[in-house]
Amino acid sequence: MLTSPAMLRRFTVGALAYAAVIGAQSARAAEATLAVAANFAEVAEVLVDAFEAETDHTLRISAGSTGQLYAQIINGAPFDVFLSADQRTVAQLEAEGGAAEGTRFTYAIGKLTLWSTDGALIGDDGAAFLQANAFRALAIANPDVAPYGLAARQTLEALGLWETLEPKIVRGENIGQTHAMVSTGNAEAGFVALSYVLSPSNKQPGSRWDVPQEFYEPIRQDAVVTARGADNEAATAFIAYLASAPAKAIIEDYGYAQNRA
């Protein structure tokens, strides 16, 4: 979410100027590195391909948990753009002087789903499945560093099941590891990003329960140009591209919502 009317005006101007940026940059091709939250890595690859097809810029992706990427940035990792899985971490980076002023905005709103590769395991009532407690292991991302893990914990706490199910919880360091635990059968079910289940590369549709929003705080995923990338034309152009209609359409295809304000 844009954080102020002034920032909204600045970013709107930037988004509207995207076409002009594309038209003018061909003689100034640049390279930039993106630090991308694990849940968004596959979508980012699609976006980067589309962006590079329209420009002469070159982008590289480094994916990990939001907490890990933040720690790498403040310790000098050469990242020019940060696509976080939350707002808090990017706001903290901005407050610490690690981000270019006026570039932060919400590029996607993530959705949490309870998923199993067994097509008959999770019925329409995911809460009832959890309350039945008839499974060996339940995967979640680490709530301390991964926003989707925090959303999973908030869901279990809202259902009054955190303490009951905690002995059966297995944790991935990020949402990608958590998805792998379920897809390989190391956990019968787990809380993952809906984007993983809807991905065209997912060949295991299985069964799922999309967790109602009332059970967890909205997962607003913010992007920002880092202080290192402030003068990088590839970084600036890509952050503007994220707000374009073609980019939004790609993001929504993967199950993310968008700010409509």
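Counting from 1, the numbers follow the sequence of the chain as shown.
- Scanning all heavy atoms of the two residues, the minimum distance from Gln68 to Glu173 falls at NE2-CG, 3.4 Å.
- No side-chain heavy atom of Ile109 sits less than 4.5 Å from a side-chain heavy atom of Ile219.
- Between Phe40 and Tyr254, the distance separating the two ring centers is not shorter than 6.0 angstrom.
- Judged by the 6.0 Å distance and 45° axis criteria, Lys111 is not positioned over the aromatic ring of Tyr256.
- Between Glu31 and Leu59, every side-chain heavy-atom pair lies at or beyond the 4.5 Å cut-off.
- Nearest heavy atom pair, residue Asp80 against residue Ala32, reads OD2-CA, 3.2 Å.
- Of all non-hydrogen atoms in Ile122 and Ser207, the two that sit nearest each other are N-OG, 3.1 Å.
- The shortest side-chain heavy-atom distance between Leu83 and Tyr107 falls under the 4.5 Å cut-off.
- The distance from atom CG of Asp253 to atom CG of Leu198, rounded to the nearest 0.5 Å, is 10.0 Å.
- Contact of the Arg220 side chain with the Asp86 side chain is not registered, since no non-hydrogen atoms from C-beta on lie closer than 4.5 Å.
- Residue pairs that meet the salt bridge (Lys or Arg N to Asp or Glu O under 4.0 Å) test with at least one member in residues 150-162, sequence neighbours left out, are Arg153-Glu157.
- Residues Phe82 and Thr89 form a side-chain contact, since some pair of their non-hydrogen atoms from C-beta on lies under 4.5 Å apart.
- Closest approach of Thr103 and Val224 over heavy atoms only: OG1-CG2, 3.2 Å.
- No side-chain heavy atom of Asn202 sits under 4.5 Å from any side-chain heavy atom of Tyr196.
- Asp210 is linked by a salt bridge (Lys or Arg N to Asp or Glu O under 4.0 Å) to Arg208, counting only residues two or more places apart in sequence or in another chain.
- The nearest pair of heavy atoms linking Ala50 to Ile250 is CB-CD1, 4.4 Å.
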